[in-house]
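Encoded as structure tokens, the structure appears first; notes follow it.
Note that the structure is a prediction, hence the values are computed from the model and not measured.
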Amino acid sequence: MRSIGVSNFKKADLNNILEHSTIKPVVNQLLIHIGNTDFGLLEQAQQNNVLVEAYSPVAHGEILQNPEIKQMADKYQISIPQLAIRYCLELGTLLLPKSQTLSHVANNSDVDFEISKQDLEELKKLPRINSYGDSSSFPVFSDK
């Protein structure tokens, strides 16, 4: 038996491979974070038993500047990255967080809390992040 994974497959791409391939993907790696969650694509993957692996859950650091996210993190007495990681976990995704600092890696793994349903809905409704600062030219952030 073989397994495959895909990355950045949109709905049409995922439909195509599900309909025409003899091997169904087990994972679709997607950019998912607070302020950038394609709920239709997430639902499609989950309905087809395709695990979504969320990369860049901290939006390449850009959500660290968001006062609404900071306020919610403060409410839970946690860091913004912890809130961002927990958000992705609450959505049922597997995470691919990155850090170069050992203390951040340890902090990022301390996500043994739950976001209330009301707060999760608030996070889901936050406006889309349109600028990723110096990283905006990366194809994954620029929708190219």
Is L89 linked to Y76 within one hydrophobic cluster, defined over Ile, Leu, Val, Met, Phe, Trp and Tyr using a side-chain heavy-atom separation of less than 4.5 Å?
-> yes
Salt bridge (charged side-chain N to carboxylate O under 4.0 Å, His left out) filter on E90, not counting sequence neighbours, yields R86
How about Y55 and C88: do any of their side-chain heavy atoms sit closer than 4.5 Å?
-> no
Around K124, counting heavy atoms of other residues, nucleotides and ligands shown, do more than 12 lie under 6.0 Å from its NZ?
-> yes
Do I4 and V26 have side-chain heavy atoms sitting under 4.5 Å apart?
-> no
Can you name the residues that form a salt bridge (charged side-chain N to carboxylate O under 4.0 Å, His left out) with D74, not counting sequence neighbours?
-> K70
Is a side-chain N or O of N48 found less than 3.5 angstrom from the main chain of Q44, in a donor-acceptor match?
-> yes
Residue of the set L83, I80, L126 for which side chain to side chain contact (heavy atoms under 4.5 Å, CB included) holds with M72 | L83
Sub-4.5 Å side-chain heavy-atom contact between I32 and P57 = no
List for me each residue that meets side chain to side chain donor-acceptor pair (under 3.5 Å) alongside Q118, sequence neighbours excluded, and say none if there are none.
-> none
For Q65, all residues meeting side chain to side chain contact (heavy atoms under 4.5 Å, CB included), sequence neighbours excluded | none
What are the two closest heavy atoms between I115 and L120, and how far apart are they?
-> CG2-N, 3.5 Å
Could you pull out all residues at least two apart from K75 that satisfy salt bridge (charged side-chain N to carboxylate O under 4.0 Å, His left out)?
-> D119
Set of residues satisfying salt bridge (charged side-chain N to carboxylate O under 4.0 Å, His left out) with respect to K24, sequence neighbours excluded = none
Quick note, salt bridge (Lys or Arg N to Asp or Glu O under 4.0 Å) partners involving residues 37-61, not counting sequence neighbours, are none
State plainly whether one hydrophobic cluster holds both I85 and L51, where clusters connect Ile, Leu, Val, Met, Phe, Trp and Tyr through side-chain heavy atoms under 4.5 angstrom apart.
-> no
Quick one: list whatever passes side chain to side chain donor-acceptor pair (under 3.5 Å) with E19, sequence neighbours left out.
-> none
A84 to I34 - nearest heavy-atom pair and separation | CA-CD1, 3.9 Å
Partner set under side chain to side chain donor-acceptor pair (under 3.5 Å) for T37, not counting sequence neighbours = Y87
Treat each ILVMFWY residue as a node, draw an edge where side-chain heavy atoms are under 4.5 Å apart, and state whether I129 and L91 are in one component.
-> yes
How would you list, by chain and number, every residue that makes a side chain to side chain contact (heavy atoms under 4.5 Å, CB included) with T22, sequence neighbours excluded?
-> none
Can you check whether L41 reaches F9 side chain to side chain, under 4.5 Å on heavy atoms?
-> no
The side chain to side chain donor-acceptor pair (under 3.5 Å) partners of Q46 (sequence neighbours excluded) come to none
Report yes if the side chains of V6 and D13 come closer than 4.5 Å at any heavy-atom pair, otherwise no.
-> no
If Ile, Leu, Val, Met, Phe, Trp and Tyr residues are connected whenever their side-chain heavy atoms lie under 4.5 Å apart, and connections chain through other members, are F39 and L94 in the same group?
-> no
Minimum heavy-atom separation for L31 to N8, with atom names?
-> N-OD1, 4.2 Å
Q82 and S79: which non-hydrogen atoms are nearest, and at how many Å?
-> OE1-N, 2.7 Å
For A45, all residues meeting side chain to side chain contact (heavy atoms under 4.5 Å, CB included), sequence neighbours excluded | L14, V50, V52
Quick one: CG on L30 to OG1 on T93, what's the gap to the nearest 0.5 Å?
-> 9.5 Å
